[in-house]
There are 2 protein chains.
Amino acid sequence: MSDEIYDMYASIFKALSHPTRIKIIELLATKGEMCVCNISENLKIDQPTVSKHLSILKNAGIIESKKEGLMVNYKIRMPCIVDFFRCANQVIQADINAKFALSLKKIEVMKEEK
Amino acid sequence: MSDEIYDMYASIFKALSHPTRIKIIELLATKGEMCVCNISENLKIDQPTVSKHLSILKNAGIIESKKEGLMVNYKIRMPCIVDFFRCANQVIQADINAKFALSLKKIEVMKEEK
DNA sequence: TTTTTATATGCTAATATAGGAATATAGTAA
DNA sequence: TTACTATATTCCTATATTAGCATATAAAAA
């Protein structure tokens with residue numbers, strides 16, 4: 001694989017590496033399509049900030065936009081992106097389970113020390 | 001979803017948002033398991049830098065390590081991470097196709113202008 | 001035309017990240 | 001013990017990213 005391809009992969013993941021942008025993807029995945037104003041309202045984040053995050057996602061090729069009158073509607077361009085989250089969720093669940101197991105172990109040790 | 005969960009998703013994607021770390025994942029996905037020295041040698045990146053990237057991937061829960069004597073072997077903890085790349089590849093291919101279509105269109109316009 | 005509405009962009013300060021060089025740690029061997 | 005090997009960490013500097021505010025653009029309405 002060429003360095004350019006690695007950069008392209010990295011830029012897609014970088015676009016997804018911000019909690020606000022994850023929220024935007026989740027919102028669009030749920031509602032299908034939304035204008036900037038509704039996204040801003042729904043997430044309670046001011047319009048310029050939402051606009052900037054949307055342009056980052058768009059530049060990465062993850063979402064696309066369509067102008068309709070005054071409004072710009074955004075939607076997910078690559079539906080398989082939802083699978084990212086299913087996998088990421090497995091990682092997160094594994095972490096939570098590991099932390100839980102660890103705290104149980106600590107409780108056991110405390111009992112033994114008594 | 002709580003803000004903490006969004007942060008966890010974001011940190012997983014952030015861990016993948018660097019070309020060197022993509023290369024490491026690809027390497028581990030292919031070879032199964034590798035020590036730091038072999039990763040460093042294979043990617044021609046110096047050891048402290050590889051070590052830092054590995055710790056970022058490990059903290060995100062994407063890879064795990066096992067110490068064996070002097071060496072530390074790393075392997076992928078979540079096999080589904082490979083699906084990330086399959087999807088990301090679709091995004092990349094779509095971009096490449098779009099660019100190609102655009103350049104064809106420009107050629108058409110140039111012909112008409114003659 | 002002017003005004004209003006929806007979105008995008010420019011600027012700045014604070015914060016985060018990267019790589020390189022040097023150093024620290026931990027296990028092995030002599 | 002000392003020497004060696006494989007990893008990890010620290011410090012430093014350069015660069016990148018963020019949110020917030022102000023401003024610019026673009027379409028619709030008056």
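Throughout, protein chains are lettered first and strands after them, A, B, ... in sequence-line order, and every chain is numbered starting at 1.
- Going from atom CD1 of B/I22 over to atom CG of A/D7 covers 9.5 Å, rounded to the nearest 0.5 Å.
- For the atom pair CZ of A/F13 and CD1 of B/I25, the computed distance is 9.0 Å after rounding to the nearest 0.5 Å.
- Taking CD1 from B/I63 and CZ from B/R21, the interatomic distance works out to 10.5 Å, rounded to the nearest 0.5 Å.
- Checked for salt-bridge contact, A/K31 and A/E33 miss the test: no charged N lies under 4.0 Å from a carboxylate O.
- Atom OG in B/S103 sits 11.0 Å away from atom CD in B/E108 (nearest 0.5 Å).
- Whole-Å rounding puts the A/I39 CD1 to C/dA6 P distance at 14 Å.
- The interatomic distance linking B/N73 (CG) with D/dA8 (P) rounds to 11 Å, in whole Å.
- Between A/I62 atom CD1 and A/I76 atom CD1 the span is 9.5 Å, to the nearest 0.5 Å.
- Aromatic ring centres of A/F84 and B/F85: separated by at least 6.0 Å.
- For D/dA8, one of the phosphate oxygens OP1 or OP2 lies less than 4.0 angstrom from a side-chain nitrogen or oxygen of B/Y74.
- Atom CG of A/N59 and atom C1' of C/dA8 are 12 Å apart (whole Å).
- Atom pair B/M34:CE and D/dA6:C1' shows a separation of 16 Å (rounding to whole Å applied).
- Taking 4.0 Å as the cut-off between side-chain N and carboxylate O, A/K23 and B/D3 count as a salt-bridged pair.
- Atom NZ in B/K66 sits roughly 20 Å away from atom C1' in D/dA8 (whole-Å rounding).
- Salt-bridge annotation for A/D95 and B/R77: present, with a side-chain N of the basic residue lying under 4.0 Å from a carboxylate O of the acidic one.
- Looking at heavy atoms from C-beta onward, A/N38 lies in side-chain contact with A/E41 at the 4.5 angstrom threshold.
- With C/dT7, D/dA6, D/dT9 as the choices, the nucleotide that has an atom nearest any side-chain atom of B/C37 turns out to be D/dA6.
- Under the 4.0 Å criterion applied to side-chain N and carboxylate O atoms, B/K66 and B/E64 are not assigned as salt-bridge partners.
- What separates CG of B/L57 from P of C/dA18 is a distance of 11 Å, to the nearest Å.
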| remark: Its contact letters, B for base, S for sugar-phosphate only and - for none at protein heavy atoms under 4.0 Å, make nucleotides 23-29 of chain D read ---BBS-

Under 3.5 Å, which protein N or O atoms sit close to an N or O of nucleotides 16-19 of chain D? Give each pair with its distance.
residue	atom	partner	partner atom	Å
D/dT17	OP1	A/K14	NZ	3.4
D/dT18	OP1	A/R21	NH1	3.4
D/dT18	OP1	A/R21	NH2	3.1
D/dT18	O3'	A/H18	NE2	3.1
D/dA19	OP1	A/H18	NE2	3.0
D/dA19	OP2	A/H53	NE2	2.8

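- A straight line from CD1 of A/I63 to P of C/dT7 spans 13 Å, rounded to a whole angstrom.
- Fit an axis to the five pairs at each end of the helix from C/dT1-D/dA30 to C/dA30-D/dT1 and the two axes sit 10° apart, to the nearest 10 degrees.
- Regarding B/L54, its CG atom lies at a distance of 11 Å from the P atom of D/dT9, rounded to whole Å.
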